[in-house]
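A, B, ... follow the sequence lines: proteins, then strands. Residue 1 opens every chain.
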Amino acid sequence: MIYVAEVIVDVPSMQTDNAYSYLIPDSLGDEVKVGMRVEVPFGKGNRHVQGFVLGTHYYQSLAELDNHDMKEIVSVLDLAPVLNDEMLALADEMAKSTFAFKITCLQTMLPSVMRASYEKFLVKKSELPADIELQLFAGRHEVNWDEAVASDFFPRLMGLRQKESIDVRYEVKKRNRSKVIQGFQGKLGVEEYHEAQKGLRKGSTQKENLLLFLQDSPADKVWSIKEVEEEFGISRNTVKAGEKSGWLEIVEIELQRDPYADRIFEADYHKQLNDEQQSAFNQITASMASESHDTFLLQGVTGSGKTEVYLQVIAEALEQGQSAIMLVPEISLTPQTVNRFKRRFGDEVAVLHSGLSTGEKYDEWRKIERKEARVVVGARSAIFAPLENLGVIVIDEEHESSYKQDESPRYHARDLAQWRAEKHQCPVVLGSATPCLESRARAQKGVYQWLQLNQRAVSAAQLPSVSVVDLRVEAAKGQMQSFSETLLTKIQDRLDKNEQSVLMLNRRGYSSFVMCRDCGFVLPCQNCDISLTLHMDSKKMKCHYCGHEEGIPNVCPSCNGHKIRYFGTGTQKVEEELKELFPEARILRMDVDTTRRKGAHEKLLEQFGNHEADILLGTQMIAKGLDFPEVTLVGVLNADTALNLPDFRSAEKTFQLLTQVSGRAGRAEKAGEVVIQTFNPDHYAIQYAQEQNYEGFYKREMVTRHQGNYPPFFYTVQIVASHEDENMAAKKMYQIVLELQKVLSPNSIILGPTPKTVARVNNRYFYQVVLKYKQEPALNEALRKILNDSQLDIRQGLKITIDVEPQQFI
DNA sequence: AGCACGCCGACT
DNA sequence: GTCGGCGTGCTC
């Protein structure tokens, strides 16, 4: 019998995006199973790569094989499959719908530690020239490839390789090592131990102790050697001797790193649902019972108790012996959220988020795989949790753009959730106070079941009063600062009353830059078509696109003038202003700079929650999911920076952000107040946000979308080509447009080609085309063809990305 | 991706 | 005449 495995190899390229057949050597016989990772030789030279087994089959004889010379699988990297059939099928679907390589999809589904790392070595085979021997090998049998490349000997080493004095060795390294400790397990029955005891030599007290211990311990019980040594005084050596006598077996015990092990979670019980919550709960659970796969849009204002509905729906799934996935945006995976789930579901919860170390993530994943956790709470990638028998998938804050991955595979967690829901015959619940237009429109059309929560669950809580300050008027009054008089008065008032304020600086598409007041010169990045941003903490000018850094100029490089000043408003600058205005106030700043370190985000929030500061100043990140009862004032310093971006979603994003941040004010008994500073007080996004009127905004925005032929009326696809040579990128996009014009129906719209807003990043030029269409059955195939036909250009340094339903158009 | 094969310019 | 450039093809 000849066993063959179909393997997708870890070479992400168009040409290798298919399975290769490998012989399964007899030695690995029944170890190789579908869904496992294997190490296989691939290509010339001794190169080894990681691969995923997608299928196995066997042949009676070599004659049956039409494939002539297959190579053999080198080794198996897993004891059990790491991807089940559902996940393999999902990877296939993802590759198809997002135009990604299969291998990239497979890797994305697993914790990052399971991605192999490769190392290359030069191995000495016979006597080497003295200088190489002495200075490079220095007595070692082999040296790392990188070390050899860095040395002066490299060209000569390649010559020696030709003469076979040196060989190259490849290593595929497994990184998913579970933490293990030594343990042992009894092998014999009570009677046999009794017999063994009789046969002992007089004075063998240690061994006798061990035998007595084994007799008393339950069969199959695995003991930790260390614990037994400490608690029962049976030494490590005695256990080893016991193994020699065949009484017991030494085994490895896989240790769990539980990031929440040292915390105690107070149990939390179901709260009484109000009528609306109850109705939502009933409809979702009815869908669960009916084994259909409905999508629900649970739309509820801040404080309406969406989370309690999620929790009870998930509890119901568990009750039915099923499992559940709860997706939340990364930024709101704060201890507040996690605690709530831990308190309700205890050890049944596995948490997956970027705050965990790679080892911890792996352990949480293993916990799910071993079916020890039936509830998974996590960010986007938690949609790949290998749960079986799913009862419900919840996506909280469904409008968040972080549910779409902005690199390949460009999947949207919502789409994959719906795919999985169909497989498991279970509902998907999308929750939000401000649903994205697409979802809200689908609810309107009855594609989604629409559930509304209009009452605030906590009866005492009132909606905050929102006032809008016209910055144009403020500017006319004279010296322009970041704060209007209205806002300053209110901040002072909170300080006097010892209440807290949250101030948000909307930095999207805007930041502080340096400009010469004489000639208007703005310092640009040398690699990108964008101005450099001032970073006061490091006293450097930085490019946010490519990371380039340089010093802050004192003199204008263009006119040699000395009036070079910063413009725009960064959080650092506002913080300084605040300190000057309110010297007595304790201020916390929260932005990318102060939250870069692991856990810094949580720590800042905790400090603020403990009222160790009066003012929290931050960027968008403060808008999401924090709940501080002492906060009675929320100020938005510049509401409209995002409004002017060339993106059809800018009004929606602005409305959502303002509504969300407003919800941070006055969540307890104290009434909250919100001040929005803006240059566009008449813009509908600002006005509806002031009224906290989602429905009004939805209706108005739908008109704009309809007029502009944008989603939800049209689907969109973005195609981007980039190249070091601007002409190459532009030429390719024109060529693509010609191709598309041949296949697209006249109802579809092609925008472009145009250079991207930032046309040059890292010395590459970017050109894009946006497609808008209602129905194009042949589009997928046409795009595939474009990718396939572009292989020559890709070789010449062209990069093409296809983004289906892009979230960002700039 | 990464490696070998192959066919044209500046060197021993 | 050869070393080495990078265009092209292929990887079970």
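Considering only side-chain N and O atoms, A/Tyr20 lies nowhere under 4.0 angstrom from the phosphate OP1 or OP2 of C/dT11. When the side-chain nitrogen and oxygen atoms of A/Lys44 are compared with OP1 and OP2 of B/dA4, none of them lie within a distance under 4.0 Å.
Summarising the geometry, the separation between CG on A/Asp10 and C1' on B/dA1 is reported as 10 Å, rounded to the nearest angstrom. When rounded to the nearest whole Å, the span between NE2 of A/His48 and P of C/dC12 equals 11 Å. Atom CD of A/Gln15 is separated from atom P of B/dA1 by 9 Å (rounded to the nearest Å). Rounded to an integer number of Å, the gap from CZ of A/Phe42 to C1' of B/dA1 is 9 Å. Spacing between atom NE2 of A/His57 and atom C1' of C/dC12 amounts to 11 Å, rounded to whole angstrom units. The CZ atom of A/Arg47 sits 17 Å away from the P atom of C/dC10 (whole-angstrom rounding). The nearest whole Å value for the distance from the CD atom in A/Gln791 to the P atom in C/dC10 is 12 Å.
The closest side-chain donor-acceptor pair between A/His723 and A/Gln796, if any, does not fall under 3.5 angstrom.
Of the residues listed (A/Arg420, A/Lys371, A/Arg370, A/Lys423), the one engaging A/Glu388 in a salt bridge (Lys or Arg N to Asp or Glu O under 4.0 Å) is A/Lys371, and it is the only one.
Here the OH-CG distance, from A/Tyr3 to A/Leu28, works out to 13.0 Å after rounding to the nearest 0.5 Å.
No contact: A/Glu6 has no heavy atom under 4.0 Å from any strand. Across all strands, A/Tyr22 comes closer than 4.0 Å only to sugar-phosphate atoms, never to a base (heavy-atom distances).
Between A/Lys404 and A/Asp803 there is a salt bridge, with a side-chain nitrogen of the basic residue lying less than 4.0 Å from a carboxylate oxygen of the acidic one. Using a cutoff of 4.0 Å between basic side-chain nitrogens and carboxylate oxygens, A/Glu364 and A/Lys361 are not scored as salt-bridged.
Contacts of residues 98-110 of chain A with DNA chain C (heavy atom under 4.0 Å): none. Of the residues in residues 792-803 of chain A, those lying under 4.0 Å from DNA chain B by heavy-atom distance are A/Arg795.
The two residues A/Tyr773 and A/Phe714 come nearest to each other via the heavy atoms N-CD2, 3.4 Å. Summarising the geometry of A/Leu798 relative to A/Met728, their closest heavy-atom pair is CD1-O, 4.0 Å, with the distance given to 0.1 Å.
Relative orientation of the A/His57 and A/Tyr59 rings is perpendicular, given thresholds of 30° and 60° on the angle between their planes.
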Inset, instruction - Show your working on side chain to side chain donor-acceptor pair (under 3.5 Å) between A/Asn763 and A/Glu724 and close with a plain yes or no. - result: CA-CA 6 Å; A/Asn763 287 320; A/Glu724 285 179 9; over 6 Å; no
